[in-house]
There are 2 protein chains.
Amino acid sequence: MDIRTLCLGILTMGDATGYEIKKTFEERLDLIFQASYGSIYPALNKLTEEGLVSCRAQSQEKRPDKKIYSITSAGRYLFFDEIMKKPAADRFRSEYLATLMFAHLLPAAAISELIDERIADRLQKIESLMSDCDTRQTDREQFLCNYGRTMYQAEIEYLQENRHLLEADALLGSRAAE
Amino acid sequence: MDIRTLCLGILTMGDATGYEIKKTFEERLDLIFQASYGSIYPALNKLTEEGLVSCRAQSQEKRPDKKIYSITSAGRYLFFDEIMKKPAADRFRSEYLATLMFAHLLPAAAISELIDERIADRLQKIESLMSDCDTRQTDREQFLCNYGRTMYQAEIEYLQENRHLLEADALLGSRAAE
DNA sequence: AATCACATGTAAGGCGTTACATGATTGG
DNA sequence: CCAATCATGTAACGCCTTACATGTGATT
C-alpha cells in the first residue's frame with residue numbers, strides 16, 4: 001500500500017481536496033503513515049488520469065481554485081482489492097534505539113538525558129492522543145488512538161524499569177573512584 | 001543516521017566483511033534497522049574512499065577475495081560525533097494498521113483473520129527473541145531484545161482486549177438477522 | 001536435485017521528502 | 001506586523017530495495 005492507495009482510502013470517507021487529505025494524514029493517520037504534498041498532489045493527478053477519482057474545480061475569489069476529488073466506483077473496487085490483500089510487514093526504523101546500542105561509547109550524562117527526553121516525548125504524545133481520542137468519531141479511530149497510547153505507555157514503563165542496564169556500563173568509570 | 005553511518009558503528013565492535021555486516025543487521029539489529037547488500041557494499045566503498053575505514057583483502061581459494069574492513073581513528077571520531085547528535089524521530093509505517101482503519105469495508109471474517117494472524121506473528125517474534133536473548137553478549141543487546149519482547153507483548157494484549165471494537169461493526173450485518 | 005551458506009558487487013528504478021514558487025486572509 | 005491557515009503544484013535529489021550477475025562447497 002503506497003500513499004496513492006491511501007489517498008483513495010481517505011476519499012472513501014468523503015470528498016476532499018489535496019489540502020484536506022494532507023490534514024487527514026496529519027490529524028488522523030500520523031501514528032501509522034506520513035505523507036507530504038510532494039506525494040499527495042502528484043498521486044491525485046495520477047488517480048484522476050486513471051479514472052479512479054474524479055475532480056471538480058470550485059473557483060474561489062482571491063484563492064487558487066479548490067479541486068475537490070471524489071472516488072469513482074472503479075476506485076472503490078480497486079481500494080477494496082487492495083485492503084483484501086495481505087498487508088506488507090510494518091516498516092520501522094529507529095535512530096534512537098540504534099544510538100542506544102552504542103551507549104557504551106557515550107558519556108553517562110548523555111545516556112540519561114537521551115532516556116529522560118524519550119520518556120518526556122512519549123508522555124507528551126500520550127497527552128496529545130488523549131485529547132484527540134475523545135473527538136474521534138469511529139470505533140476504528142479510537143482503536144488506533146488507544147493503540148498508540150498503549151504502545152507509548154509500554155515503552156515508558158520499559159525504559160523506567162530497564163534504563164539501569166544502559167546506565168550501569170557508563171557508571172563504571174565513576175564507581176572506580178569509590 | 002543512515003546505513004553508511006551504522007556500518008561504521010558496527011565496525012567499532014570489530015573488523016568485519018560486508019557479508020558479516022549484513023548478518024549483523026539481520027541477527028542483531030533487525031528490530032530497529034534493516035539494510036540490504038545494495039546499500040552496504042557501496043557504503044563500504046565510500047567509507048574507504050573517505051578514509052573512515054581501511055580495507056585489507058584476504059584471498060581465498062575458489063571464492064572471491066574476502067575484504068576485511070577496519071574502522072580508522074577518523075572513522076571513530078566521526079561516529080562518535082554522529083551518536084552525540086540528537087537522533088532523528090523514529091520512522092514507522094504500518095500497512096496493517098492502515099488496513100484496520102478501513103475495517104468497516106471488510107467482511108467480518110477477514111477482520112478476525114487479520115487480528116488472529118497478527119497475534120500469531122507477534123507470538124512467534126517473541127519466541128524467536130527469547131532464544132536470541134540468552135545468546136546476546138552485552139547488556140545493550142539484551143536491552144534491545146527485551147524492548148522488542150515488551151512491545152510485542154503489549155500489542156498482543158491490546159489486540160486481545162480491543163479487537164471487539166473492530167469486530168463489532170462488521171457483526172451488525174449478521175445481528176440484523178436475529 | 002536442490003537449496004543454503006559463503007562472498008561481492010552493479011544498475012535500474014521506486015518511492016518519497018525537501019525546498020522552492022506563489023499569493024490572499026485571518027488572528028494574535 | 002508576523003505567523004498561521006488556506007491552496008496547489010514542481011524539481012531535484014536522497015535513500016534504499018530489487019533484481020541481476022557469478023561461482024563454489026556443503027548439506028539435505
Side-chain angles (χ1 to χ4, degrees), chain A residues 1-8 10-11 15-27 29-30 32-49 53 55-69 82 87-95 98, chain B residues 1-8 10-11 15-27 29-30 32-49 53 55-69 82 87-95 98:
Chain A
M1 173 146 42
D2 51 16
I3 286 173
R4 194 172 140 273
T5 308
L6 243 193
C7 287
L8 211 50
I10 289 167
L11 289 171
D15 297 353
T17 65
Y19 188 82
E20 287 164 349
I21 289 173
K22 174 68 157 55
K23 275 182 49 179
T24 300
F25 272 104
E26 282 167 3
E27 293 168 8
L29 298 173
D30 190 51
I32 51 167
F33 230 98
Q34 301 79 41
S36 63
Y37 289 126
S39 306
I40 292 168
Y41 284 119
L44 289 169
N45 287 327
K46 216 187 162 205
L47 289 168
T48 307
E49 276 174 38
V53 305
C55 171
R56 75 199 123 94
Q58 195 176 78
S59 56
Q60 303 184 117
E61 287 172 18
K62 315 263 189 174
R63 292 250 167 125
D65 283 8
K66 219 189 242 189
K67 288 178 159 188
I68 301 168
Y69 293 92
E82 281 297 321
D90 294 356
R91 271 183 273 164
F92 178 60
R93 165 175 296 193
S94 175
E95 290 195 16
Chain B
M1 174 145 43
D2 52 14
I3 286 174
R4 194 173 140 272
T5 308
L6 244 192
C7 287
L8 211 50
I10 290 168
L11 290 172
D15 296 355
T17 66
Y19 187 82
E20 287 164 348
I21 288 173
K22 175 68 157 55
K23 274 182 47 179
T24 300
F25 273 104
E26 282 167 3
E27 293 168 9
L29 298 173
D30 190 52
I32 50 166
F33 231 98
Q34 300 80 40
S36 63
Y37 287 127
S39 304
I40 292 168
Y41 283 119
L44 289 170
N45 287 327
K46 215 187 162 205
L47 289 168
T48 307
E49 276 173 39
V53 305
C55 170
R56 75 199 123 96
Q58 195 176 79
S59 56
Q60 302 185 116
E61 286 171 19
K62 315 263 189 177
R63 292 247 167 125
D65 282 8
K66 218 190 242 189
K67 288 177 158 190
I68 302 168
Y69 293 93
E82 281 298 321
D90 294 356
R91 272 185 271 163
F92 178 60
R93 166 176 296 193
S94 176
E95 289 195 15

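Here is the naming used below: chain letters follow the sequence lines, and residue numbers restart at 1 for every chain. The shown structure was predicted, so the numbers you read here are calculated from the model rather than taken from an experiment.
Interatomic distance, NZ of B:K22 versus OG of B:S36, reported as 7.0 Å (0.5 Å rounding). In this structure, CZ in A:R4 is found 14.0 Å from CD1 in A:I40, a value given to the nearest 0.5 Å. Here CD of B:E20 is found 6.0 Å from NZ of B:K66. Values are rounded to the nearest 0.5 Å. To the nearest 0.5 Å, atom CG of residue A:L8 and atom CE of residue A:M1 are 11.0 Å apart.
Atom C1' of nucleotide D:dT17 and atom CG of B:D30 are separated by 15 Å, given to the nearest angstrom. Residue B:I21 contributes atom CD1, which lies 11 Å from atom P of C:dG9 at whole-angstrom precision. Rounded to whole Å, atom P of D:dG9 lies 13 Å from atom CG of A:L47. One can place NZ of B:K46 at 18 Å from C1' of C:dG9, the figure rounded to the nearest angstrom. Rounded to whole angstrom, the span from the CZ atom of B:R56 across to the P atom of C:dA7 amounts to 14 Å. Here C:dG9 presents its P atom at 14 Å from NZ of B:K66, a figure rounded to the nearest Å. For the pair A:I40 CD1 and D:dT10 C1', the interatomic distance rounds to 15 Å; values are reported in whole Å. One interatomic measurement links the two molecules: OH of B:Y37 to P of C:dT10, which rounds to 15 Å at whole-angstrom precision.
Of the side-chain N and O atoms in A:K67, one or more sit less than 4.0 angstrom from OP1 or OP2 of D:dG9. Contact between the side-chain N/O atoms of B:Y19 and the OP1/OP2 oxygens of C:dT8 is not found at any separation under 4.0 Å. Between B:Y41 and C:dT8 there is a side-chain polar atom (N or O) within less than 4.0 angstrom of OP1 or OP2. Listed pair A:K22 / D:dA7 fails the phosphate criterion, with no side-chain N or O lying under 4.0 Å from OP1 or OP2.
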Could you give me the CA-CA distance, side-chain angles and deciding distance for B:L11 and B:I21, then say whether side chain to side chain contact (heavy atoms under 4.5 Å, CB included) is met? CA-CA 8 Å; B:L11 290 172; B:I21 288 173; 4.0 Å; yes
Does B:Y41 form a side chain to side chain contact (heavy atoms under 4.5 Å, CB included) with B:C7? I'd like the steps, not just the answer. CA-CA 10 Å; B:Y41 283 119; B:C7 287; over 6 Å; no
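Of the residues A:I32, A:D30, A:L6, the one that meets the side chain to side chain contact (heavy atoms under 4.5 Å, CB included) test with A:F25 is A:L6.
Between the side chain of B:E95 and the main chain of A:P87, no donor-acceptor pair closer than 3.5 Å is present.
Evaluation of the ring-ring contact (aromatic ring centres under 6.0 Å, His included) rule for A:F33 yields no partner, not counting sequence neighbours.
For the helix from C:dA1-D:dT28 to C:dG28-D:dC1, the rotation axes defined at the first and last 5 base pairs enclose an angle of 50°, given to the nearest 10°.
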Find every protein N or O atom lying less than 3.5 Å from an N or O atom of nucleotides 13-16 of chain D, and list the pairs.
unit_1	atom_1	unit_2	atom_2	d
D:dC16	OP1	A:R93	NH1	2.5

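When the nearest nucleotides of DNA chain C are assigned to B:E20 and B:P42 by heavy-atom distance, the more 5′-ward of the two goes with B:E20.
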